[in-house]
Every structure is written in C-alpha cells, then in structure tokens.
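Taking it in order: structure first as structure tokens, then the write-up.
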Amino acid sequence: MKPRSDYEHSWWRRLVRFVDGETLADVEKREEEAGENDAQSQKLADTMAEQLFEQEEKYDRADRKRRLEMEHEKEAMALYDKYKNWPKEHGVKIFGRLYAVMAVVLCVIIITTLLVTVSYLPEFGHADNPNNNEVVERYNEKALEETGATNIVAGMILDYRAFDTLGESHVLFIAAVCVMILLRLDITKGKNPTDTKRLEEENDRLYEPKNDKILQLSARILVPIIILFGIYVILNGHLSPGGGFSGGAIIGAGLILYLNAFGFEKASRIMNRKNYAVISVVPLLFYALAKGYSFFTGANHLESGIPKGTPGAILSGGLILPLNICVGVVVACTMYHFYTLFRKGGM
C-alpha cells in the first residue's frame with residue numbers, strides 16, 4: 001500500500017507528534033539530516049565504487065601486461081629452442097660443405113695460375129732460357145770480384161739474392177712462432193703452471209733419461225764434435241760447400257741429442273725461452289739492417305765501405321760471413337724449438 005503524500009500533515013500524524021512532544025520543524029529537520037546522510041552515503045558509495053573500478057582496471061592492465069610478457073617469453077624460448085641446436089645440426093654441415101667448396105676453388109685457382117705461368121716459360125733449349133742469359137755469365141765471371149767469396153753459391157744466396165734468404169729466415173722464425181701458438185702449454189698470469197702444464201711435465205718424466213750411461217757417454221763425446229763441425233760449416237760457408245742453413249741444422253741436431261741424453265732440466269740452462277727469443281730476434285734484426293744498408297747503397301750506386309777481404313781467407317766475403325752466422329743461429333734455434341714444442345709444448 002502506497003503511503004499518502006500528506007501523511008505528515010494528517011490529523012493522526014499531528015496527534016502522534018503531540019504525544020511525542022515533536023513539532024513539524026523537528027520532523028523536517030530530521031528528514032533533511034536523513035537526506036544529507038543518504039547523500040553522503042551515496043557519495044561514499046560512489047567513491048568506493050570508483051576506487052574499486054580503478055583498482056580492478058589496474059589489476060586488469062597488470063594481468064594483461066603479465067600475460068603479454070609470458071607470451072613474449074614463450075615465443076623467445078620457442079625461438080631459442082628452435083635455433084640453439086642449429087649450429088650442431090646444420091651449421092657444421094654447412095661449414096663443412098662451404099670449406100670443401102672453398103678448398104676446391106682455391107686449389108683450382110692455384111693450379112690454373114701455375115699452368116698459366118708454365119705456359120709462358122720458354123721451351124727447352126731456347127735462347128731466352130735462364131741458363132743462357134747474362135745472369136749466369138755475371139755469376140761465373142764477376143761473383144768472386146763482387147762478393148769476395150770463393151763459394152759462388154754462397155755469394156749468390158747471401159749477396160746477389162740476400163733478400164730471398166732474409167725472407168726464408170723470417171719464414172723459419174714465423175713458423176716457429178705459429179707452432180708455439182698451436183702447441184705451447186701456457187702458464188697463468190701469476191707465473192704459475194696450469195694444471196695441463198703440470199700434468200704434461202709429470203708425463204714427460206716417463207721419457208726423461210733414466211741415467212742411460214751409453215746414451216749420455218755418447219752424447220758427451222758426440223755433442224761437442226757435432227756442434228764444432230756445425231760451426232766449421234757455418235764459418236766456411238763462403239769458402240767451401242756449406243753455410244748457415246746446413247751448419248745450423250747440424251748444430252740443432254747436436255742440441256736435440258744433448259736434450260735426449262740429459263733431459264730438459266740441464267738443456268734449459270743452455271737453451272730456454274728467454275735465450276731463444278734473444279738469439280732468434282737479434283740475428284734477424286742484424287741481417288735486416290745489414291742487408292738493408294747494402295740494398296740502399298747498391299740501389300743508389302754508392303760504395304758500401306764494407307771490405308771484401310782476400311778471397312780464400314776466413315775473413316773475406318764482406319757481409320757473407322756474419323750473415324751465414326745469423327742464418328745458422330736462427331736455423332739451429334728453430335729446429336730445437338720445434339722439437340721441444342712437439343715433445344712437451346715448450347722449453
């Protein structure tokens with residue numbers, strides 16, 4: 001039943017107010033307060049509803065962001081799983097095929113270059129052959145006068161074509177450096193041997209001489225003779241067959257024999273890493289400077305001022321004797337260093 005709109009002004013309501021001691025103003029004031037309370041309650045409810053909506057929206061955004069990140073992470077993991085084994089499964093095969101193709105292409109280029117070069121060589125017996133030109137005559141007729149060496153081969157190698165010999169000596173040194181990079185067992189920054197180095201040192205003791213009297217006695221007799229003969233071959237390279245390469249090989253063989261007879265501990269007193277670096281670099285530098293000076297004076301038609309000496313004497317041949325010594329030292333050290341690297345990865 002719907003209440004009357006003039007209920008507050010009815011006689012019954014007036015009687016109730018009279019009994020209760022209320023006036024119409026009190027009722028209106030109470031109604032206003034109730035209206036204000038209802039308005040405040042509605043406002044508070046609206047504020048709470050708005051805050052709740054904003055919080056839910058914030059949670060929704062965070063949830064969407066988290067789901068998006070999870071999707072991206074899943075995609076990244078799927079992509080990683082797809083390609084992490086690619087180098088092993090496909091990369092090695094592709095590299096192997098590419099390597100084979102490039103090797104074949106390189107061989108074909110080299111073979112083609114050599115064949116083209118050979119096609120330009122003069123025929124056998126032709127007047128333009130190297131053995132018929134003026135170079136051979138110059139070597140035979142003027143070599144003794146211009147080089148001061150009775151061994152014309154040594155004069156040709158270390159005077160006329162000294163630049164080639166300089167390159168060969170550097171090739172030996174670079175080869176030793178490359179082998180050292182590949183085979184050397186390094187030490188730590190604190191100058192302490194690594195575990196691999198220490199293990200190799202222990203294993204190498206199995207090959208060290210066990211007081212082999214026959215080998216050591218033979219080495220005591222032969223090593224001085226071998227080294228002395230190598231020195232003789234080097235010093236007489238400008239007078240007779242021999243020179244730095246052959247003499248250096250002989251001295252290197254003597255050093256290797258000494259190493260096998262007495263072990264690395266005693267051999268390192270003579271030839272260690274520091275000594276090898278010094279006696280390999282210094283001869284190469286001397287060779288480069290000495291022949292650089294000769295090349296400069298010869299190219300400018302200047303007198304070098306280096307005496308050639310009396311042909312046939314030990315101090316003759318100009319720079320050929322010291323250059324032979326430089327080459328012999330480099331060859332001997334390189335042979336010994338190669339052996340130590342292949343033996344245990346260092347001196």
Side-chain angles (χ1 to χ4, degrees), residues 128-176 224-255 275 278-335:
D128 293 334
N129 284 349
N131 60 342
N132 296 328
N133 59 25
E134 67 278 3
V135 177
V136 178
E137 296 179 1
R138 182 60 176 260
Y139 287 164
N140 291 329
E141 296 175 0
K142 297 290 186 178
L144 182 60
E145 177 185 348
E146 293 177 346
T147 65
T150 57
N151 183 4
I152 299 178
V153 176
M156 179 182 65
I157 293 175
L158 294 173
D159 194 288
Y160 291 116
R161 299 181 57 188
F163 189 78
D164 296 342
T165 308
L166 174 63
E168 294 169 2
S169 301
H170 280 81
V171 165
L172 288 175
F173 179 74
I174 293 171
I225 297 174
I226 293 173
I227 295 179
L228 185 62
F229 179 67
I231 295 173
Y232 166 79
V233 172
I234 293 175
L235 296 181
N236 285 270
H238 62 299
L239 304 177
S240 61
F245 286 100
S246 54
I250 295 172
I251 295 175
L255 294 175
N275 293 342
V278 173
I279 62 181
S280 294
V281 174
V282 171
L284 290 175
L285 290 176
F286 174 79
Y287 194 116
L289 293 175
K291 291 313 297 182
Y293 170 74
S294 297
F295 295 154
F296 175 79
T297 56
N300 293 277
H301 305 286
L302 301 174
E303 290 292 334
S304 64
I306 301 173
K308 296 181 176 62
T310 304
I314 188 68
L315 297 177
S316 63
L319 289 174
I320 296 179
L321 177 59
L323 295 182
N324 259 331
I325 296 174
C326 293
V327 173
V329 170
V330 172
V331 172
C333 293
T334 303
M335 284 186 57

Could you tell me if the side chain of [Y] sits less than 4.5 Å from the side chain of [X], heavy atoms only?
{"X": "Phe229", "Y": "Ile251", "value": "no"}
{"X": "Thr310", "Y": "Ser316", "value": "no"}
{"X": "Ile227", "Y": "Pro224", "value": "no"}
{"X": "Thr147", "Y": "Ile152", "value": "no"}
{"X": "Ser294", "Y": "Ile306", "value": "yes"}
{"X": "Pro283", "Y": "Ile325", "value": "no"}

Where do [X] and [Y] come nearest, in terms of heavy atoms and distance?
{"X": "Cys333", "Y": "Ser280", "value": "CB-OG, 3.8 Å"}
{"X": "Pro311", "Y": "Leu144", "value": "CB-CD1, 3.7 Å"}
{"X": "Ile320", "Y": "Asp159", "value": "CD1-CB, 4.5 Å"}
{"X": "Leu158", "Y": "Leu323", "value": "O-CD1, 3.7 Å"}
{"X": "Val330", "Y": "Thr334", "value": "O-OG1, 2.6 Å"}
{"X": "Gly237", "Y": "Ala154", "value": "O-CB, 3.2 Å"}

Looking at [atom1] of [X] and [atom2] of [Y], how far apart are the two atoms once the value is rounded to the nearest 0.5 Å?
{"X": "Lys308", "Y": "Glu145", "atom1": "NZ", "atom2": "CD", "value": "8.5 Å"}
{"X": "Ile279", "Y": "Cys326", "atom1": "CD1", "atom2": "SG", "value": "12.0 Å"}
{"X": "Glu146", "Y": "Tyr139", "atom1": "CD", "atom2": "OH", "value": "10.0 Å"}

Subject >> Reference residue Ile231; test side chain to side chain contact (heavy atoms under 4.5 Å, CB included); the match among Leu235, Ile234, Val233 >> reply: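 Considering Leu235, Ile234, Val233, a side chain to side chain contact (heavy atoms under 4.5 Å, CB included) with Ile231 is found only for Leu235.
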Subject >> Option from Val278, Leu285, Leu284 for which side chain to side chain contact (heavy atoms under 4.5 Å, CB included) with Val282 holds >> reply: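 Of the listed residues Val278, Leu285, Leu284, the side chain to side chain contact (heavy atoms under 4.5 Å, CB included) partner of Val282 is Val278.
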Distance-only, no hydrogens or angles: does the [X] side chain make a donor-acceptor pair with backbone N or O of [Y] under 3.5 Å?
{"X": "His238", "Y": "Gly312", "result": "no"}
{"X": "Thr150", "Y": "Leu239", "result": "yes"}
{"X": "Asn324", "Y": "Gly243", "result": "no"}

Which atom pairs, donor and acceptor, lie under 3.5 Å between side-chain atoms of residues 286-293 and protein residues at least two apart or in another chain?
| from | atom 1 | to | atom 2 | distance (Å) |
| --- | --- | --- | --- | --- |
| Tyr287 | OH | Ala162 | O | 3.0 |
| Tyr293 | OH | Ser304 | O | 2.4 |

